[in-house]
Each structure stands twice: as structure tokens, then as C-alpha cells.
Amino acid sequence: MAANNSTDKIFVDTTEYRDPPTLLQTITPDSLGDVPKGEVEEEEFDLKLDRRVKWKLDLFILPLMASVYFFATMGKSDLGNAKIAGLNEDLGLSASDYSNAATVFLVATIIFQLPGTLLIKKIHPNRQFSGAMITWGFLTAMTVLATNSGALLALRFLIGAAEAFVQGGIFYLSFWYQYSEYATRGAIISSMSTIAGAFNGLIAYAIVMNLDGANGWRAWRWIFLIEGIAPIAFAFVVLIFLPSSPSGLTWGFTEEEKRHIVKRSERAHNTTTEEPKIRFKQIWAVMLDIHFWLFMLVSCGASFCQSSLSNFLPDIIAGFGYSDVNAQLFTTIVYVCGCVGILFFSRIADKTNARGIVLAVSTIGAVVGYAILIWVTNRDVRFAATCLVAFSIFPNTVLQLSWSAMSFVGYTRRGSVLAFCNIFPHLFAISGNQAYQDPPYYSIGNSAALGMSIMMFVASIALRWYLGFLNNKKKREQFSERSAELRLKSIEELGDHHPDFFYTL
């Protein structure tokens with residue numbers, strides 16, 4: 001394979017064509033067995049450098065991004081804890097009022113998701129993420145002043161708008177990590193959503209037990225105040241320490257390490273290292289691809305299930321017959337199961353690289369769990385089924401997002417797809433919130449979630465087959481005139497339609 005020095009264009013001499021899996025192969029410690037000995041010896045020093053750089057990136061990026069997602073999830077799920085801590089009684093909320101409060105949060109996220117993702121490099125990640133944290137933290141704290149459902153709806157809409165500007169975390173990770181590292185790193189960040197949910201339950205439990213009535217406030221006001229102040233304080237840590245881009249590193253890395261980080265970024269098809277140019281035609285062009293819509297089906301089903309579970313979990317558990325206080329505590333167990341599922345399935349995906357199979361297998365537990373919730377009435381069995389659902393449903397988002405990031409390349413194309421992976425699914429999340437309005441068993445909502453889980457399983461299998469079909473088509477057309485013409489254009493221009501880009505299955 002012959003290549004010029006540009007990071008934007010890849011020129012291939014068809015007489016040097018090799019099997020696609022090795023055509024654009026990236027050497028990683030896990031793939032050493034597939035690399036000829038001479039190449040391994042030549043890369044030995046670089047591999048040591050790569051391990052050191054990867055360790056430092058993990059140290060600089062993962063704790064900060066995990067914290068951002070931790071606080072974002074707290075801001076999203078605190079409504080569920082506040083509901084059974086006196087919010088309904090004080091504000092006189094009906095079941096539909098609460099569902100609407102959860103829904104407007106998602107509406108705002110939908111509206112601001114695309115700019116919140118594509119503007120990351122323009123605004124700079126550290127400024128964008130920290131600014132969003134300060135904004136939603138302030139608004140969350142101001143919720144203590146709400147006296148009616150209208151005020152609550154307005155505040156939840158604004159909080160959702162602010163949180164939309166941190167939902168591009170997986171896109172941000174793609175600036176730094178290679179494909180074989182995506183899912184595990186994404187899992188560490190996404191697991192914060194389950195840890196935050198568990199932490200929310202513990203905080204709510206402690207507040208209800210110790211602060212309910214203090215200063216004349218019911219427990220729900222203390223929940224919003226405490227969970228509003230925390231992200232504001234941590235936002236300044238993110239502003240100071242979170243690096244913005246591989247080409248913009250200023251401290252913490254040697255010059256050799258900086259150069260290696262830029263090369264790593266290019267291997268993951270981040271072809272634009274300078275200030276990115278947003279190609280507006282590419283934003284909508286992704287919708288013409290069949291595999292885009294298969295990814296959307298998986299993402300929409302996962303969002304329906306995850307959002308409804310997060311927003312209604314305390315109420316669902318209370319419906320099993322536990323007291324409100326114990327329901328707050330039992331949510332912690334469910335979220336821990338979700339966290340274990342995220343880390344477990346994501347690690348398997350990175351180790352095996354069987355993205356489609358792992359994604360499909362992860363949904364099986366959700367199918368079983370929702371079926372039990374629909375047809376079984378025993379309290380303890382239903383609680384175990386809820387834990388199984390969390391173990392299976394929460395991993396879906398990071399598995400699907402990391403696979404999407406591998407399958408769509410180019411700044412605008414990848415960023416748009418990852419934004420749409422939050423926009424379209426949030427429409428399903430809204431319907432999920434509306435479906436859960438028949439307490440205490442929520443049979444309608446659980447039946448809908450069961451249908452979504454089955455859809456996710458089928459779409460995962462179909463997606464793996466279709467990407468394999470596209471790979472085979474590219475193999476057959478390697479020597480065609482059309483492929484030769486396309487090679488004159490860059491990865492940034494063509495994205496994954498480039499004839500030498502092959503999909504991970």
C-alpha cells in the first residue's frame with residue numbers, strides 16, 4: 001500500500017492490494033500475533049511508547065470525563081428520587097405532570113444535541129463541558145424555589161438544554177483512542193451513569209432519614225440543592241485540567257508523546273487535526289445509509305428502556321411493596337448491576353472485536369427480565385428481574401455508540417451520527433416516559449420495553465450482516481474504475497464510503 005504524507009488523503013496502488021483486514025491494520029498489543037516478526041521488532045519501542053501514552057491519557061481524561069457524566073446523570077435522575085421524597089405532595093403533581101417534567105428534559109436535549117456535539121472543537125471541550133456543568137448545577141439548585149408544576153417544567157427544560165452540551169463524550173474520546181480501546185473507555189465513562197444512579201439513591205436515603213423537615217424544607221428540596229452545588233464546584237477542575245485536542249496539548253506530555261498521540265488520533269480516522277470544518281451536507285447525508293437506521297433502531301430501543309428505568313425506578317420498586325425509604329436504598333442495587341453489565345460486555349467487545357454478537361447477546365437478559373416483570377407478581381422475583389434488566393440494558397448505549405464511532409469516519413460524519421444517536425433515541429425516551437403511567441405494576445410500560453428489547457436484538461444481528469455485506473462489496477470492487485476515482489478523495493470527504501475503509505463486525 002502506498003500512501004502520501006498527508007493525513008487527509010490515502011492513495012492506493014491497486015497492484016499492491018491486500019486483504020482488507022490488513023489493508024488499514026493498526027498494530028496494537030492485542031494484535032501482535034497477526035504482525036510479521038520484522039514489523040514487531042521495528043515497532044517494539046513504539047509499543048512501549050504507546051502503552052505509556054495510553055496510561056497517561058487514561059489518567060488525564062477518564063477520571064474527568066467520568067466525573068462529568070456522573071454529575072450529568074445525577075442531574076437527570078434526581079427527579080425520580082425527589083418524587084418519592086415529597087415533591088409530588090408539595091407541588092401537587094399528578095402522574096402526567098411528573099411524566100411531562102421528565103419529558104421536557106428530553107425535548108431540550110433533542111433540540112440542543114446536534115450543536116452540542118459538533119461545536120465541541122470550536123468551543124473547546126474543557127470550556128464547553130465546564131460551562132454546561134455550571135449552568136445545570138445552578139438551575140438544579142434553583143429548583144428548590146419551584147412552587148408549581150409550571151416552574152418545575154421550565155427548570156427541567158433548561159437543565160436538559162445545558163446537559164445536551166456534555167453528551168458528546170464518546171465523540172470526544174474518539175479524538176484520543178483507537179478502535180480497540182473505545183468500548184472499554186466508553187464503558188468506564190458510561191458506568192458513571194449507573195454509579196450516579198446508585199449514589200443518588202444513597203444520597204436520597206440519607207437526606208430523607210436526616211434532613212427531611214430541616215430548615216422547614218422537605219427532603220426533595222435538599223436533594224436538588226446538594227446535587228446542584230456539586231457539579232458547579234467540580235466544573236472548575238474540568239476547566240483547568242481537561243485537554244482539548246491531540247494537537248493542542250500544552251503540558252503533561254513530552255514532545256515525543258505529543259507526536260505519538262497525534263498519530264494515534266489519525267489511525268482512528270481523525271483526519272482533521274487543525275480547527276475542524278463542519279461539512280453541512282454530510283450532516284444529513286448519513287441518513288441515506290441503511291446501516292445508519294439499523295444503528296438508530298438499536299439506540300432508540302435502548303433509550304426507551306434506559307430512560308424509563310432511570311426515571312421510574314424508585315417508583316417501580318416502591319410498587320413492589322417496599323417502603324419509600326427502602327425503595328430509595330434498593331435502587332442502589334439495581335444500578336450496581338447496570339454498572340457491572342456495562343464493564344462486563346464492553347470489555348468482551350474490545351477483547352473479541354465481535355461488536356454485533358456482543359451487542360445482540362447483551363439484550364437477551366432484558367427480554368427475559370421484562371417478560372418476568374409482566375407475568376410474575378412475586379415481589380422478590382420482580383426485584384431480581386429488574387436487576388437483570390439493568391445488567392442487560394445499560395451496556396447497550398456504550399456498545400452501540402462505540403461501534404457507531406468505528407463505523408462512521410470524518411469529523412462531521414462521525415459527530416453527526418453520534419449526535420443523532422442521542423436525538424432520535426430521545427424521541428423514544430419521551431414515549432417511554434409516557435408509557436409508564438399505570439402504577440404499581442406498569443404492565444403497559446414493561447410490555448412496550450419488552451418489544452423494544454426484541455427489536456434491539458433483531459436489529460443488532462441485521463446490522464452485523466449488512467456491514468459484512470458492504471465489506472464484501474468493497475472487496476469485489478477494489479480494482480474497479482470507480483474505486484480508483486474515489487481514492488483521489490480523502491477519508492474526510494468520503495468517510496466510511498472510502499473504498500479502503502472496512503467496517504468492524
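We count residues from 1, following the sequence as given.
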I want to know whether Phe424 and Trp293 have ring centres closer than 6.0 Å.
yes
Does the side chain of Ser392 come within less than 4.5 Å of Thr363's, by heavy atoms?
no
Looking at Ile348, is its backbone amide N or carbonyl O close enough to the side chain of Thr352 to form a donor-acceptor pair, meaning the two atoms are under 3.5 Å apart?
yes
Is Ser416 close to Gln282 at the side-chain level, that is, under 4.5 Å between some pair of heavy atoms?
no
Less than 4.0 Å between a side-chain N and a carboxylate O, is that true for Arg156 and Asp78?
yes
Short side-chain to backbone donor-acceptor contact, Ser265 and Val262, under 3.5 Å
no
Which value, rounded to the nearest 0.5 Å, describes the distance between Thr135 atom OG1 and Ile159 atom CD1?
11.0 Å
In Å and rounded to the nearest 0.5 Å, what is the OG1 to CD1 distance from Thr103 to Ile110?
9.5 Å
To the nearest 0.5 Å, atom OG of Ser299 lies from atom CD of Gln400 at 4.0 Å
Could you walk me through whether Val361 and Ile357 pass side chain to side chain contact (heavy atoms under 4.5 Å, CB included), step by step?
CA-CA 6 Å; Val361 169; Ile357 296 299; 4.2 Å; yes
Applying salt bridge (Lys or Arg N to Asp or Glu O under 4.0 Å), can you list everything that pairs with Lys263, at least two apart in sequence or on another chain?
none
Does NZ or CZ of Lys475 come closer than 6.0 Å to the centre of the six-membered ring of Phe502, within 45° of the ring's axis?
no
In sequence, state the C-alpha distance, the side-chain angles, and the governing distance for Asp496 and Ile491, and then conclude on side chain to side chain contact (heavy atoms under 4.5 Å, CB included).
CA-CA 7 Å; Asp496 45 289; Ile491 285 282; over 6 Å; no
Could you grab the distance from atom OG1 of Thr397 to atom CD1 of Ile170, nearest 0.5 Å is fine?
9.5 Å
Between Leu59 and Trp55, is a side chain to side chain contact (heavy atoms under 4.5 Å, CB included) present by the stated rule, with each step listed?
CA-CA 6 Å; Leu59 185 64; Trp55 179 83; 3.9 Å; yes
Within a radius of less than 6.0 Å around CD1 of Ile444, do more than 12 heavy atoms belonging to other residues, nucleotides or ligands occur?
no
Which distance, rounded to the nearest 0.5 Å, do you find between the CZ of Arg414 and the CE of Met406?
9.5 Å
Does the distance from a Lys or Arg side-chain N to an Asp or Glu carboxylate O, for Glu181 and Arg264, drop under 4.0 Å?
yes
Any side-chain heavy-atom pair of Phe420 and Pro425 under 4.5 Å:
no
Without swapping roles, check the side chain of Ser307 against the backbone of Phe304 for a donor-acceptor pair under 3.5 Å.
no
Determine whether a donor-acceptor pair (N or O, by modelled atom type, separation under 3.5 Å) exists between the side chain of Arg382 and the backbone of Val376.
yes
Minimal heavy-atom distance between Phe295 and Ser407, with the atoms involved, is CZ-OG, 3.7 Å
Quick one: pull up OG in Ser483 and CZ in Arg476 and give me the separation to the nearest 0.5 Å.
11.5 Å
Would you kindly say whether Tyr436 and Asn446 are connected by a side-chain donor-acceptor distance under 3.5 Å?
yes
Heavy-atom closest pair, residues Leu486 and Pro499:
CB-CD, 3.8 Å
Can a donor-acceptor pair be found, under 3.5 Å and without considering hydrogens, that links the side chain of Ser130 to the backbone of Arg127?
yes
Is there a side-chain contact between Arg52 and Glu257, using heavy atoms and a 4.5 Å cut-off?
yes
Ser362/Asn396 under side chain to side chain contact (heavy atoms under 4.5 Å, CB included): CA gap, chis, key distance, verdict
CA-CA 7 Å; Ser362 72; Asn396 272 266; 3.6 Å; yes
Assess whether a salt bridge exists between Lys76 and Glu163, defined as any Lys/Arg side-chain N lying under 4.0 Å from an Asp/Glu carboxylate O.
no
Within a strict 4.5 Å, meaning less than it, do heavy atoms of the Ile120 and Gln128 side chains meet?
yes
Closest non-hydrogen atom pair between Thr117 and Tyr411, with its separation
O-OH, 4.4 Å
Tell me if a side-chain donor or acceptor on Lys56 pairs with a main-chain N or O of Gly252 at a distance below 3.5 Å.
yes
May I ask you to decide if the ring planes of Phe60 and Phe253 are parallel, tilted or perpendicular, using 30° and 60° as cut-offs?
tilted
Shortest non-hydrogen pair, Val417 vs Ser404, comes out as CG1-CB, 4.3 Å
Does any non-hydrogen side-chain atom of His260 lie less than 4.5 Å from one of Glu255?
no
Smallest separation among heavy atoms of Val398 and Ala187, with atom names
CG2-N, 3.4 Å
Salt bridge (charged side-chain N to carboxylate O under 4.0 Å, His left out) between Asp289 and Arg413, worked out
CA-CA 12 Å; Asp289 294 323; Arg413 188 169 170 83; 2.4 Å; yes
Side chains of Asp350 and Thr184: any donor to acceptor distance under 3.5 Å?
yes
Without swapping roles, check the side chain of Ser480 against the backbone of Glu477 for a donor-acceptor pair under 3.5 Å.
yes
Please state whether the rings of His291 and Tyr503 are parallel, tilted or perpendicular, taking 30° and 60° as the class boundaries.
perpendicular
Side-chain donor-acceptor contact under 3.5 Å, Ser303 with Gln306
no
Side-chain contact, heavy-atom cut-off 4.5 Å: Asn422 with Thr109?
no
Side chains of Leu62 and Arg185, heavy atoms from C-beta outward: is any pair under 4.5 Å?
yes
Residue pair Asp58 / Tyr177, side-chain donor-acceptor N/O under 3.5 Å:
yes
Does Trp403 reach the main-chain N or O of Thr504 with its side chain, forming a donor-acceptor pair under 3.5 Å?
yes
If every non-hydrogen atom of Tyr69 is compared with every non-hydrogen atom of Gly169, which pair is closest and at what distance?
OH-N, 3.1 Å
Taking Thr386 as the fixed residue, which of Ile333, Thr331, Val334 is the one that meets the side-chain contact (heavy atoms from CB on, under 4.5 Å) rule?
Val334
Is the backbone of Asp500 close enough, under 3.5 Å, to the side chain of His498 for a donor and an acceptor to pair up by distance?
yes
